[in-house]
Amino acid sequence: MTRVNARREKFDALLTSLPTRSGVYRMIDKDGNVLYVGKSRNLKARVSSYFRPTGLATKTLRLVARTQDIQVTVTNSETEALLLEQTFIKTHHPPFNVLLRDDKSYPFIRFTNHEFPKIELHRGSKNVGGVLFGPYPSAAAVRKSISILQRLFQLRPCKDSYFKNRSRPCLQHQIKRCSAPCVGLIEPEKYNEDLRLASLFLNGKSQSILSELKSSMEAASSELDYESAARIRDQLQNLRKVQEEQSVHTSTGYVDAFGIASNESNVCVHGMFIRDGRLLGHRNWFHKNELGTNDSELISQFLSQYYFGGVEREIPRTVLTLVDVDNRDMLATALTERAGRLVEVTAQVRSTRARWQSMVQENAELSLQSHVRAQENNLDRMLDLQRSLNLEEVPSRLECFDISHSSGEATMASCVVFEADGPLKSDYRRYRIQDVESGDDYASLSQAVERRYRRIQEGEGKLPDVLIIDGGRGQINKVHGTLSDLMVEGVRVLGISKGPERRPGLETIWDYENGVLDIEPTSGAMHLLQHIRDEAHRFAVEGHRARRQKTRRRSELDEIPGIGAKRKRSLLTHFGSVSAMKSASIDEMAKVPGISRRLASQLHGILHSG
């Protein structure tokens, strides 16, 4: 009897009892972990297909071999099944599903509330005041759009604190990216007119802007205001150039277009996002194809997670793909219900949309090729590291720690993880170091390592094959001692210390067991160690700077009862600083919105108690 038949016999009772209705099924391993989540309009037929005697792919057989139980949930409709499936995927992260690791909210462009509004990238709550445009597919797309708006309309990008303290124009004005409202080189009316044109541009009304600018240029010329006419002419030229760069620009189009490319183990989905005929941006998602699923089903799984996986997405009028989507009608119905208007999911298009289709597919294929080359390069580096360290097997997981602080202030430790495919950012961690003497890197490193591996011992993750420390003999001795106290075994501990003048290629590689290792500066192993060290340093510095900035934003007002964030903001907006507040009378404090005379009296007393 084959293994598949044996498993079929084991699950016969379950398969017989399954309903023929729509719903969601979960395949469970011996430890109770969810291996795979799927949906079907006929649960009995779909689950039974995994236990047929022939015709199953090798990867599917591997899933079935690990399955010890199958749980099902019946739903009233296929749409309900789709939404429930995404809830289970988000909760359990099953390894055999295509997982969309993309849980960030999408960024917007924001014009702030100000006499001269600032243009900035905003991510987070929509209730922040000002005017929001978007969402955009990525922060890179927002930054590119902001750069274009600065070039076209010279809107200021600086913080309000910087704006208030300028006495002369900054470099942004000198390179014609800002009209310098901070020093009065533009009137509020003219700045707001530029802001209005920028709003039209973000709403896809470029043709309207061209017509307005032409009329304004002609009017300025007829009034012999040649300086204004020349400035408007430059705007026109820049706008036309931007339109040329927007190669997909048309007068209409509210489309998310997706292409997919796959090989035996990898999948790349490329998305292109078009609003009012203007390309907002594009991005790639890379996945593992654990079950060897075909492109039609893969794109269906991806789109279900993308639009219903938990992160709020803007739903377009059209979702465009190159291959036809499994359960296309069900997905369109679910999107229509979510958007409150008709949404089509299609692969059958002509003319302009066919060109978009071709463009997004070509980008998916090129991106997959680049991704595969990067994986091969990383695997070569792992093989070279195996040879350099005389390891029995190719290391499958590397971790690296680094410490960052400013003279002991706001100490932050980072831990980054590399696997065979490269950086595994979902496993990156930062640790706020506490109760350690200022500047004691050894104790800080020991605390971070202890916190990391104590959790791993409790089942929250897995041990690396090689642990790398940004440091020398002293640091690796300290880390090895911490691991010994935790009784963590089987982890090779390396240190990488900077060479003379901190020049790359002159580092010293320390091994706890064998001392200094002789690794060629130009070898793949050295490049891999440098890469993970630099990534740990970057991640630690980012965390340290954010923590330091947060600490420095605190003020004396934070410790005063009755003064929360809103009142604190009102006081600082009114007076400008705590020192100016100390010079104010009780009557002046009571004029601030939200500050009663009684609270003003208490505040005055506390500020002058020292």
Side-chain angles (χ1 to χ4, degrees), residues 105-136 138-203 209 228 231-232 234-235 238-239 242 280-281 406 410 541-542 544-555 565-566 568-580:
S105 60
Y106 270 23
F108 292 78
I109 289 177
R110 179 185 176 221
F111 294 162
T112 61
N113 287 326
H114 193 275
E115 182 183 12
F116 297 99
K118 169 192 175 185
I119 182 172
E120 66 177 7
L121 181 152
H122 172 74
R123 194 195 296 271
S125 172
K126 296 181 183 178
N127 300 319
V128 291
V131 182
L132 296 177
F133 298 89
Y136 284 75
S138 66
V142 171
R143 294 189 187 100
K144 182 178 179 181
S145 295
I146 289 175
S147 178
I148 289 172
L149 291 171
Q150 284 186 264
R151 190 189 346 156
L152 290 175
F153 306 110
Q154 299 190 28
L155 304 177
R156 75 172 181 95
C158 59
K159 294 181 179 179
D160 289 351
S161 57
Y162 186 84
F163 177 89
K164 287 191 300 184
N165 294 300
R166 292 299 300 175
S167 58
R168 59 180 181 175
C170 67
L171 180 62
Q172 290 292 315
H173 175 70
Q174 296 177 32
I175 62 175
K176 298 184 178 181
R177 293 300 181 95
C178 178
S179 53
C182 55
V183 292
L185 295 188
I186 186 171
E187 297 296 324
E189 296 78 14
K190 182 64 187 72
Y191 188 89
N192 285 323
E193 175 62 16
D194 287 337
L195 199 70
R196 185 184 68 83
L197 293 175
S199 298
L200 288 175
F201 177 83
L202 290 172
N203 286 317
I209 301 173
S228 295
R231 188 176 70 84
I232 297 171
D234 292 343
Q235 276 187 310
N238 282 330
L239 183 56
V242 167
L280 289 188
S406 297
V541 168
E542 282 184 0
H544 159 65
R545 286 175 177 167
R547 183 182 178 189
R548 183 182 62 189
Q549 187 74 7
K550 183 177 180 180
T551 301
R552 291 180 178 179
R553 279 199 300 265
R554 295 184 62 82
S555 72
K566 190 173 181 179
K568 173 186 170 183
R569 186 165 56 249
S570 296
L571 287 164
L572 292 175
T573 300
H574 186 87
F575 291 106
S577 66
V578 175
S579 59

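This one's a predicted model, so the numbers in the text were calculated from it and none came from an experiment. By convention here, the first residue in the shown sequence is residue 1.
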>> Let me confirm one number: the CD1-CZ distance from Ile146 to Arg151, rounded to the nearest 0.5 Å.
In response: 14.0 Å

>> Measuring only between side-chain heavy atoms, which start at C-beta, is Leu121 closer than 4.5 Å to Arg110?
In response: no

>> If you apply the rule side-chain contact (heavy atoms from CB on, under 4.5 Å), what do you find for Cys182 with Phe116, and how did you get there?
In response: CA-CA 8 Å; Cys182 55; Phe116 297 99; over 6 Å; no

>> I need the Tyr191 OH to Leu155 CG distance, nearest 0.5 Å.
In response: 4.5 Å

>> Taking atom CD as the centre, does Glu187 end up with more than 12 heavy-atom neighbours from other residues, nucleotides or ligands that are less than 6.0 angstrom away?
In response: no

> Is any NZ, NE, NH1 or NH2 atom of the basic residue among Arg196 and Glu193 found under 4.0 Å from an Asp or Glu carboxylate oxygen of the other?
Replying inline: yes

>> Restricting to non-hydrogen atoms, name the atom on Glu115 and the atom on Asn192 that form the minimum distance, rounded to 0.1 Å.
In response: O-OD1, 4.0 Å

> By side chain to side chain contact (heavy atoms under 4.5 Å, CB included), which residues pair with Phe133, not counting sequence neighbours?
Replying inline: Ile109, Phe111, Val131, Ser199, Leu202, Asn203

>> For Pro169 versus Gln174, what's the shortest heavy-atom pair and its separation?
In response: O-NE2, 4.2 Å

>> Does any part of the side chain of Val128, heavy atoms only, come nearer than 4.5 Å to the side chain of His122, both counted from C-beta?
In response: yes

> Is the closest basic N to carboxylate O distance between Lys164 and Asp160 below 4.0 Å?
Replying inline: no

> Can you find a side-chain donor-acceptor pair between Ser406 and Arg545 that sits under 3.5 Å?
Replying inline: no

>> Does atom NZ (Lys190) have a neighbourhood of more than 12 heavy atoms from anything else shown, all under 6.0 Å?
In response: yes

>> Any heavy-atom pair between the side chains of Ile186 and Asp194 that's under 4.5 Å?
In response: yes

> Can Arg156 and Ser179 be said to form a side chain to side chain donor-acceptor pair (under 3.5 Å), step by step?
Replying inline: CA-CA 7 Å; Arg156 75 172 181 95; Ser179 53; over 6 Å; no

>> As a quick check of understanding, evaluate side-chain contact (heavy atoms from CB on, under 4.5 Å) for Lys159 and Lys118, giving each step before the final call.
In response: CA-CA 7 Å; Lys159 294 181 179 179; Lys118 169 192 175 185; 4.1 Å; yes

> Aromatic rings His114 and Phe163: how do their planes relate, parallel, tilted or perpendicular, breaks at 30° and 60°?
Replying inline: perpendicular

> For the residue pair Cys178 and Gln154, what are the closest heavy atoms and their distance?
Replying inline: O-OE1, 3.4 Å

> Where is the tightest heavy-atom contact between His173 and Ala180, given as atom of each residue plus distance?
Replying inline: ND1-CB, 3.6 Å

>> Looking at every non-hydrogen atom in both residues, tell me the closest pair between Leu195 and Pro117 and how far apart they are.
In response: CD2-CG, 3.5 Å

